[in-house]
Number of protein chains: 2
Amino acid sequence: MNGPAQTENHLTRNQSLVLDALSKSGGPLSAYSILDQLRDHGFRAPLQVYRALDKLLEFGMVHRLESLNAFVACRHPSCDDHETIAFTICDRCGQVAEISDDTVAARLQSLATDAGFALKSSTVELRGTCRKCQPSSCKMVQ
Amino acid sequence: MNGPAQTENHLTRNQSLVLDALSKSGGPLSAYSILDQLRDHGFRAPLQVYRALDKLLEFGMVHRLESLNAFVACRHPSCDDHETIAFTICDRCGQVAEISDDTVAARLQSLATDAGFALKSSTVELRGTCRKCQPSSCKMVQ
DNA sequence: TTGCACATGTTATACCATTACACAATGACA
DNA sequence: TGTCATTGTGTAATGGTATAACATGTGCAA
Ligand SMILES: [Zn+2]
Ligand SMILES: [Zn+2]
Ligand SMILES: [Zn+2]
Ligand SMILES: [Zn+2]
């Protein structure tokens with residue numbers, strides 16, 4: 001038998017600290033922001049954060065936002081199927097929301113297949129302004 | 001009247017050099033790779049590259065790949081409608097291809113609208129292996 | 001015990017991008 | 001023609017992101 005292959009059932013201390021920091025923040029954080037928040041808990045070097053993030057990403061408990069160089073804790077209702085996920089990122093308040101949509105997923109898979117491309121993962125990040133940050137010229141509808 | 005607003009019809013020397021470097025490369029290049037290639041032409045600092053890239057991005061002649069921190073020259077047949085573009089990025093050979101698909105674009109727009117999100121731009125990057133890099137266990141079909 | 005897999009700690013380094021300031025080229029306009 | 005605003009350029013310094021390399025510790029199993 002191999003060593004105690006780690007699963008999401010048991011996070012190490014560092015992994016838990018990083019995940020907590022992300023969860024409490026409620027929004028995306030850069031690895032260095034996480035590091036700063038965890039200095040009181042003994043973190044000293046970026047690698048401590050990046051190693052924990054690597055595992056959390058592997059477990060699907062954290063997502064990486066490529067266009068922000070930042071990370072968010074997963075808030076997806078059912079954290080099972082993370083094949084294709086889209087994110088909305090508000091340019092004004094920084095709020096990030098997750099969207100899972102089978103139509104987009106299927107269409108992207110189809111496009112890839114048609115191009116002879118073996119799809120392994122997809123990054124979909126939508127930039128714009130969230131509902132709360134709209135200029136909202138019409139205030140009638142809250 | 002305002003100053004001589006630059007258009008894609010006339011690129012400056014630096015912009016042309018950067019675009020040529022990207023076009024000749026045939027694949028994605030980082031800003032620092034471009035810098036290294038252009039040292040013989042007088043480039044000395046990253047900012048010379050980034051400033052040229054900013055304009056080329058604005059003109060739609062270059063795309064930025066968020067998941068690679070790299071840039072590619074646009075090879076899209078009709079360089080007019082770059083609203084929504086997807087890229088396939090081969091993890092083995094690094095080849096990048098552009099895909100434009102109205103179905104995905106419309107669906108993403110629809111998803112955003114449903115969420116009360118004012119979509120401004122979208123990033124879609126597909127990772128996997130291109131046709132040439134497939135393990136291709138079955139050689140029957142070329 | 002020994003060996004292995006895995007997590008961790010630490011330092012240094014590489015890579016990516018922007019700020020700040022100075023200067024040059026261009027065209028608009030009085 | 002001279003002045004002005006705009007835009008492009010050059011350079012140095014800095015900030016932000018991510019990894020390489022090496023050493024150490026810990027728990028489990030042969
Ligand atoms: Zn999620
Ligand atoms: Zn917002
Ligand atoms: Zn293009
Ligand atoms: Zn390939």
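Note that the structure is predicted; figures quoted are calculated from it, not measured.
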Enquirer: Starting at atom CG of L53(A), determine the distance to atom C1' of dT8(C), rounded to an integer number of angstrom.
Expert: 15 Å
Enquirer: Applying side-chain hydrogen bond (donor to acceptor under 3.5 Å, both in side chains) as the test, list every pair that has at least one member in residues 87-97 of chain A; sequence neighbours left out.
Expert: D91(A)-R127(A)
Enquirer: Let me confirm one number: the CG-OG distance from L111(A) to S122(A), rounded to the nearest 0.5 Å.
Expert: 11.5 Å
Enquirer: Distances for protein N/O vs nucleotides 23-26 of chain D N/O pairs under 3.5 angstrom?
Expert:
none

Enquirer: Would you say the rings of F87(A) and H63(A) are close, in the sense that their centroids are separated by under 6.0 Å?
Expert: yes
Enquirer: Taking only side-chain N and O atoms of N69(A), does any of them lie within less than 4.0 angstrom of OP1 or OP2 on dA17(C)?
Expert: no
Enquirer: Under 3.5 Å, side chain of T113(A) to main-chain N/O of Q109(A), donor-acceptor pair present?
Expert: yes
Enquirer: To the nearest Å, give me how far apart CD (E58(A)) and P (dA7(C)) are.
Expert: 9 Å
Enquirer: Starting at the 5' end of DNA chain D and moving along, which residue's nearest nucleotide shows up first, R13(B) or Y32(B)?
Expert: R13(B)
Enquirer: Using heavy atoms and a sub-4.0 Å distance, could you list which residues of residues 34-50 of chain A are near DNA chain D? By number, please.
Expert: L47(A), Y50(A)
Enquirer: Check residues 19-29 of chain A and write down every donor-acceptor pair under 3.5 Å in which the side-chain atom is one partner and the other belongs to a residue at least two apart or another chain.
Expert:
unit_1	atom_1	unit_2	atom_2	d
S23(A)	OG	L19(A)	O	2.9
S25(A)	OG	G27(A)	N	2.9
S25(A)	OG	G27(A)	O	2.7

Enquirer: To the nearest Å, give me how far apart CG (L11(B)) and P (dT7(D)) are.
Expert: 17 Å
Enquirer: Under a 3.5 Å distance rule, please check whether E125(B) uses its side chain to pair with a backbone N or O of L65(B) as donor and acceptor.
Expert: no
Enquirer: Rounded to the nearest 0.5 Å, what's the gap from CZ on R107(B) to CG on D102(A)? Could you check?
Expert: 9.0 Å
Enquirer: What integer distance in Å separates H10(A):NE2 from dG27(D):P?
Expert: 11 Å
Enquirer: Write down the distance between CG (L68(A)) and C1' (dT17(D)), rounded to a whole number of angstrom.
Expert: 13 Å
Enquirer: Tell me the interatomic distance from Q15(B), atom CD, to dG10(D), atom P, rounded to whole angstroms.
Expert: 12 Å
Enquirer: Which atom pair, heavy atoms only, marks the closest approach of S30(A) to S33(A)?
Expert: OG-OG, 2.9 Å
Enquirer: Enter the inter-axis angle for the ends of the helix from dT1(C)-dA30(D) to dA30(C)-dT1(D) (five pairs per end, rounded to 10°).
Expert: 10°
Enquirer: List, one per line, each side-chain donor-acceptor pair under 3.5 Å for residues 35-50 of chain A, sequence neighbours excluded.
Expert:
unit_1	atom_1	unit_2	atom_2	d
D36(A)	OD1	R39(A)	NE	3.4
Q48(A)	OE1	R44(A)	N	2.6
Q48(A)	OE1	A45(A)	N	2.8

Enquirer: When you compare the side chain of S67(B) with that of I89(B), does any pair of heavy atoms fall below 4.5 Å?
Expert: yes
Enquirer: Starting from C1' on dG9(C), measure out to CG on L17(A) and report it in whole angstrom.
Expert: 15 Å
Enquirer: Determine: side-chain N/O of T12(B) to OP1/OP2 of dG8(D), distance under 4.0 Å, yes or no.
Expert: no
Enquirer: Do the non-hydrogen side-chain atoms of I99(A) and I85(A) ever get within less than 4.5 Å of each other?
Expert: no
